[in-house]
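Computed from heavy atoms alone, side chains included, the values below leave out hydrogens, waters and symmetry copies. Just so it is clear, the model here is predicted, and its values are computed rather than measured.
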Amino acid sequence: RLLRHRPSGLWFKLHRSVQVLGLTVAIIGWSVALANFKVFIFHGILGMTVMVLGIVQPINAFLRPHATEPGQTPTTKRTYWERLHKGVGYFLLPLSALTIVLGTMAVPVPSDKMLLQIVYGVIVALLVVLFVV
């Protein structure tokens, strides 16, 4: 939001880069999970949902209708596309957070479980400070 109205398109470039990086890391983690763990428990079902919707997001972005010029009313297609793209993205944030929490709770070694939960809590706190405050 902070850089969205810059004429250089910096916000869009940052958004795209961060999303590509995040999706790449998520796909690597998902691949490891599918290859090594029994994933069809609640955590696994949520993880599959998050990943499928996460992979669909860039496809959706590729198919987006062109934006209108500043000051003009967006087309109906663009309005629906924005609602879908943003809605799915906002839906995925808490769903992915819940999936990660459930994953840390499924770790069988108590000391590893606690360490993962602390690391995840610190990362979430840093992201909240970085993006919300």
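Note that the CD1 atom of I59 and the CG atom of L63 stand 8.0 Å from one another [nearest 0.5 Å]. With rounding to the nearest 0.5 Å, the separation of CG in L93 from OH in Y90 is 8.5 Å. Distance check: L92 CG to T99 OG1 gives 9.0 Å after rounding to the nearest 0.5 Å. With rounding to the nearest 0.5 Å, the separation of CZ in R78 from CD in E82 is 4.5 Å. How far CZ of R16 is from CG of L21: 14.0 Å, rounded to the nearest 0.5 Å. Interatomic distance, L116 CG to M114 CE, rounded to the nearest 0.5 Å: 11.0 Å.
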Evaluation steps, side-chain contact (heavy atoms from CB on, under 4.5 Å), between L46 and L95: CA-CA 7 Å; L46 287 178; L95 190 61; 3.5 Å; yes
Could you walk me through whether L53 and Q57 pass the side-chain contact (heavy atoms from CB on, under 4.5 Å) test, one step at a time? CA-CA 6 Å; L53 289 173; Q57 277 291 78; 5.9 Å; no
Under the criterion side-chain contact (heavy atoms from CB on, under 4.5 Å), I'd like the reasoning laid out for V88 against V56: C-alpha separation, chi angles, the key distance, then a yes or no. CA-CA 10 Å; V88 169; V56 169; over 6 Å; no
How far apart are the C-alpha atoms of L115 and V107, what are their side-chain angles, what is the distance that settles it, and do they pass the side-chain contact (heavy atoms from CB on, under 4.5 Å) test? CA-CA 10 Å; L115 178 62; V107 174; over 6 Å; no
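Cluster membership for I118 and Y120, using ILVMFWY side-chain heavy atoms within less than 4.5 angstrom, is not shared.
Judged as a salt bridge (Lys or Arg N to Asp or Glu O under 4.0 Å), not a single pair has a partner in residues 51-77 (not counting sequence neighbours). Among residue pairs with one or both ends in residues 55-89, those qualifying as ring pair (Phe, Tyr, Trp, His ring centres under 6.0 Å) are W81-H85; sequence neighbours excluded.
The shortest distance between side-chain heavy atoms of I27 and I55 falls below 4.5 Å.
In this structure, T104 contributes its side chain and V101 its backbone to a donor-acceptor pair below 3.5 Å.
Considering all non-hydrogen atoms of both residues, M48 and L34 come closest at SD-CD2, 4.0 Å. Of all heavy-atom pairs spanning P108 and P110, the tightest one is O-CD, 3.4 Å. Across all non-hydrogen atoms, the minimal contact from P74 to T79 is CB-OG1, 3.8 Å.
Evaluation of the ring pair (Phe, Tyr, Trp, His ring centres under 6.0 Å) rule for W30 yields no partner, not counting sequence neighbours.
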